[in-house]
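Okay, structure first, notes after.
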Amino acid sequence: MSRKKDISLMRKTIVAGNWKMNKTPSEAKALIEELKPLVASETSDVVFCVPAIDIPAAIEAAAGSNIAIGAENMYFEESGAYTGEIAPNMLTDLGVKYVILGHSERREYFAETDETVNKKVLKAFEHGITPIVCCGETLAQREQGVTIDFVRQQIKIAFQGVSADQAKTAVIAYEPIWAIGTGKVATTEQAQEVCAAIRACIAEVYDEATAEAIRIQYGGSVSAASAPELFAQPDIDGGLVGGASLKPDFGKIVNYK
Ligand SMILES: O=C[C@H](O)COP(=O)(O)O
């Protein structure tokens, strides 16, 4: 199902950078100072998701700008014997507004499952942090023709127990795993098809109003060259950007119009 972007229901574009495990705190400060003027925008929400150790420096550097700071992960408990984990209230105490949950790298290297992602999504909402919920298929799944079934399942589990009012404020990032860091960007048609299927899934689970409100990003080798066509698709409301978010090109991606 695909819906035409209705002017009255136009969702604000959201472009988020995922720095992954890059930049020390002092490098983070310098990069934000460099990118701050380039990502100024009235048409897009701009989020920098940075390593947890960089968050205080990033918050300080972004102060007074349009940049919101996000985390790349968090745990689903507030405190306790969970060595090495970061609690949601630790993030909000610093001023973090967004958190990436269920990134494919967390799923692959750190054994995250749809069920732990769901617990984290619920906890993020409880603490007023907007989750950027990641989903996406492997190359083998795409070749087997199961992409949409697989992504629908990821989304249905991630949103279990989430109310419609909460879901309306969430961000979903569709990231085909085969397009991450490979330079192989999905075609506009492939990206739009899956983002439309995700929106249809949200309409089934909730209702049309929730589906129209939720923002869906595409991620996977987004560049200044590919962003304009991708973000113009009716069901793509921006991007989750890895490698290019560490460069001045990120400003061009944010200001893609
Ligand atoms: O979260 C971001 C994605 O993993 C995309 O990374 P990339 O833009 O380097 O392909």
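Numbering starts at 1 and runs along the sequence shown. In each ligand, atom 1 is the first atom listed, and ligand 1 is the first ligand listed.
In this structure, Ser221 has a heavy atom closer than 4.0 Å to ligand 1. Using a 4.0 angstrom heavy-atom cutoff, Ala179 counts as in contact with ligand 1.
Contact atoms of ligand 1 toward Leu240: 1 (O), 2 (C) (distance under 4.0 Å to a heavy atom of the residue). Atoms of ligand 1 found under 4.0 Å from any heavy atom of Gly220 (numbered from 1 in listed order, with element): 5 (C), 10 (O). If you number the atoms of ligand 1 from 1 as listed, the ones under 4.0 Å from a heavy atom of Gly181 come out as 7 (P), 9 (O), 10 (O).
Remark: the Thr13 side chain and the Tyr256 side chain contain an N/O donor-acceptor pair separated by less than 3.5 Å. If you check the side chains of Asn73 and Lys120, you find a donor sitting under 3.5 Å from an acceptor.
For ligand 1, none of its N or O atoms has an N or O atom of Thr182 under 3.5 Å away. Between Gly242 and ligand 1, at least one N/O pair is under 3.5 Å apart. Ligand 1 has an N or O atom lying under 3.5 Å from an N or O atom of Gly243, backbone or side chain.
For residues 143-187, no pair satisfies ring-ring contact (aromatic ring centres under 6.0 Å, His included), with sequence neighbours left out. The stretch residues 81-102 participates, sequence neighbours left out, in no side chain to side chain donor-acceptor pair (under 3.5 Å) pair at all.
Residues Ile132 and Ala173 approach most closely at CG2-CB, 4.0 Å, considering heavy atoms.
Using a 4.0 Å cut-off between heavy atoms, Asn18 contacts ligand 1 through its side chain alone, with no backbone atom that close.
Side-chain contact between Pro234 and Gln192: present, with at least one pair of heavy atoms (C-beta onward) separated by less than 4.5 Å.
Closest protein heavy atom to atom 2 (C) of ligand 1: Glu175 OE2, 3.0 Å.
Aromatic rings from Phe250 and Phe48 are positioned such that their centres are separated by under 6.0 Å.
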